[in-house]
Amino acid sequence: MSNGVSTSTDKIIVDRSRSHRNKAVSKAVRATRERLQSSAKGNQVFDRDMLGLHVNAVLQGASIMPLFIVLVTVIGVYLNPETGLFAWALLMLSVHAINVLLARRASRKEISAIETRKWRGRLLAAQVLIGFGWAIFSLQSCSACSGDSYYFYKGAVLLVAISITAMGSFMLRLGVLFGFLPTITAMLVTAVLSRHLLDIGLTAMCATAVVFFHYIADRLYRSNLTLMSYQSEKDDLIAELEVAKSMSDEARRRAEEANLAKSRFLASMSHELRTPLNAILGFSEVMNSEVLGPLANPTYKEYAGDIHRSGQHLLNLINEILDLSRIEAGRYDLSEEALSLLEIAEDCIGMVQLRARAKNITIREQFEPDLPQVWADEKSMRQVLLNLLSNAVKFTPQGGEVTVKVGWTAGGGQYVAIKDNGPGIPEEEIPVVLSAFGQGSIAIKSAEQGTGLGLPIVQAILAKHDGQFILRSKLREGTEAIAILPATRVLQSVPAVADAPAIERRRRSFA
């Protein structure tokens with residue numbers, strides 16, 4: 001049974017255990033990319049969306065056209081009581097009902113990209129039927145009407161009808177042009193046959209209105225198409241961000257798993273390695289010191305010394321790796337107390353003095369007197385100074401000099417600077433030296449190669465103390481390492497409070 005954690009060891013970051021989420025995201029990405037890759041003219045996906053918007057517009061405005069037809073019929077009957085507008089109104093209401101039923105059927109059906117053209121043709125055919133109805137209206141005449149009032153009535157009705165159709169069907173491309181093409185044709189035939197000036201003017205006015213509203217509807221159509229394209233780009237961006245978030249979450253989860261596995265490995269291996277190392281160090285020291293008697297062969301004594309030094313090196317390496325892992329995991333707790341940097345520096349110099357004398361290295365001290373105590377972890381600060389002093393003694397040549405300075409910083413803090421006159425470090429290699437397991441080219445060529453963890457541990461410990469570590473070096477000029485503690489760590493001495501006269505005790509009075 002799956003526990004929701006991916007167990008695959010491949011380098012694919014996307015989590016296999018959340019395939020349903022990844023499939024949904026991929027589907028959204030593919031859909032939006034299809035929209036973006038298709039053109040504005042032959043865009044079937046956007047045509048389907050625009051067709052859906054037209055269907056919704058027809059259904060939402062289904063009551064506007066019947067009210068308008070009833071109003072036109074009432075006014076027409078008032079102007080010409082003998083006209084056959086009732087039959088025309090019944091025809092228009094029937095055609096409008098067909099258009100609404102067709103739109104309702106399209107709204108209930110999931111129109112695919114292949115069926116879009118077919119449904120678009122059906123809806124255009126419904127617009128043409130409505131246009132035939134308006135063509136019949138344009139053929140109406142009134143012999144009993146005085147003057148030209150009936151022409152103005154028909155012109156106003158047709159202009160309003162064209163505007164209503166344009167506003168309601170601009171999502172259906174060419175809907176206005178196809179819808180009123182029969183009307184303009186009927187009016188044109190009437191004008192040609194009658195040669196009446198008002199018929200010609202009414203035909204020209206309606207034709208111009210159809211062309212104008214067709215232009216407006218086409219502009220609105222393109223504007224909506226652009227807005228939908230922007231919406232598609234936004235959907236694509238959201239989908240891509242979702243993919244990136246999914247990948248980031250999975251990468252973080254795997255990093256947490258790797259960190260947890262590393263911590264467990266270090267915790268188990270530290271115990272497994274330290275136990276035999278203690279025995280190796282102890283027995284090799286006993287053999288090298290010949291506590292139980294002299295060794296018959298002097299070579300065995302040298303071997304015992306080599307074993308002891310190798311075991312000590314391995315133990316130091318394990319301790320440094322554990323310290324660095326605890327610092328990175330945030331589990332390196334400081335046991336802070338008041339201490340003196342001068343005393344710690346003197347003790348650490350005494351610890352490395354023997355190694356320095358073996359290489360005929362002189363250690364000079366430049367301490368500022370009367371430095372106040374600082375609030376820090378003594379064990380950590382000793383480790384910092386010992387690491388820096390050991391590096392200075394290690395890379396300083398025979399007969400060299402190491403200078404140790406302890407004093408005030410310009411900001412009111414305290415610093416410890418250790419400078420040697422060794423071979424130095426190239427400036428481009430300083431970031432490498434400050435990284436974990438990083439070693440410079442000179443350190444690699446040296447006979448006393450280290451682990452490359454000393455300076456990263458120093459830097460991390462000073463960061464835990466809100467301090468700073470600065471490494472300055474130039475090739476063939478030596479190296480200077482500066483450990484700085486901020487002014488907030490310095491304990492300033494407070495003068496004693498002057499004796500003040502005691503306040504006389506106030507007596508209580510009771511009623």
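Values below: all heavy atoms of this structure, side chains included; hydrogens, waters and symmetry mates excluded.
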* For Ala338, which residues count as a side chain to side chain contact (heavy atoms under 4.5 Å, CB included) partner, sequence neighbours excluded? ->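 Residues passing side chain to side chain contact (heavy atoms under 4.5 Å, CB included) with Ala338: Gln373, Trp375, Leu491.
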All N/O donor-acceptor pairs, side-chain side in residues 85-107, below 3.5 Å, sequence neighbours left out:
unit_1, atom_1, unit_2, atom_2, d
Trp88, NE1, Gly133, O, 2.8
Ser94, OG, Leu90, O, 2.8
His96, NE2, Ala62, O, 2.8
Ser107, OG, Arg104, O, 2.6

* Among residues two or more places apart or on two chains, list those pairs meeting ring pair (Phe, Tyr, Trp, His ring centres under 6.0 Å) that have a residue in residues 239-261. =>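 Passing the test, one end in residues 239-261: no pairs.
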Hey, could you give me the [atom1]/[atom2] distance between [X] and [Y], rounded to the nearest 0.5 Å?
| X | Y | atom1 | atom2 | result |
| --- | --- | --- | --- | --- |
| Arg117 | Arg122 | CZ | CZ | 14.5 Å |
| Phe469 | Leu471 | CZ | CG | 5.0 Å |
| Glu233 | Ile238 | CD | CD1 | 12.0 Å |

Please list every donor-acceptor pair under 3.5 Å in which a side-chain atom of residues 186-203 meets a protein atom from a residue at least two apart or in another chain.
unit_1, atom_1, unit_2, atom_2, d
Thr190, OG1, Ala186, O, 2.9
Ser194, OG, Thr190, O, 2.8
Ser194, OG, His196, N, 3.4
Ser194, OG, Asp199, OD2, 2.7
His196, ND1, Leu198, N, 3.1
Asp199, OD1, Tyr151, OH, 3.2
Thr203, OG1, Met187, O, 3.1
Thr203, OG1, Asp199, O, 2.7

* Determine, for Arg253 against Glu250, whether the closest basic-nitrogen to carboxylate-oxygen distance falls under 4.0 angstrom. =>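 Yes, Arg253 and Glu250 are salt-bridged.
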Any sub-3.5 Å donor-acceptor pair from [X]'s side-chain atoms to [Y]'s backbone N or O?
| X | Y | answer |
| --- | --- | --- |
| Ser246 | Val243 | no |
| Tyr153 | Val72 | yes |
| Asn224 | Leu220 | yes |

Please output the side-chain donor-acceptor pairs of residues 474-485 that fall under 3.5 Å, not counting sequence neighbours, one pair per line with the distance.
unit_1, atom_1, unit_2, atom_2, d
Thr479, OG1, Ser473, OG, 3.0

* **Residue among Ile457, Leu388, Asp377 satisfying side chain to side chain contact (heavy atoms under 4.5 Å, CB included) with Gln383** =>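 Output: one option passes, namely Ile457.
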* Asked: So with a 6.0 Å cut-off around CZ of Arg382, is the heavy-atom count from everything else above 12?
  ->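 Atom CZ in Arg382 is packed in, count exceeds 12.
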Indicate every side-chain donor-acceptor pair of residues 161-172 with a distance under 3.5 Å to a residue at least two apart or in another chain.
unit_1, atom_1, unit_2, atom_2, d
Ser163, OG, Leu159, O, 3.3
Ser163, OG, Val160, O, 2.7
Thr165, OG1, Ala161, O, 2.8
Ser169, OG, Thr165, O, 2.5

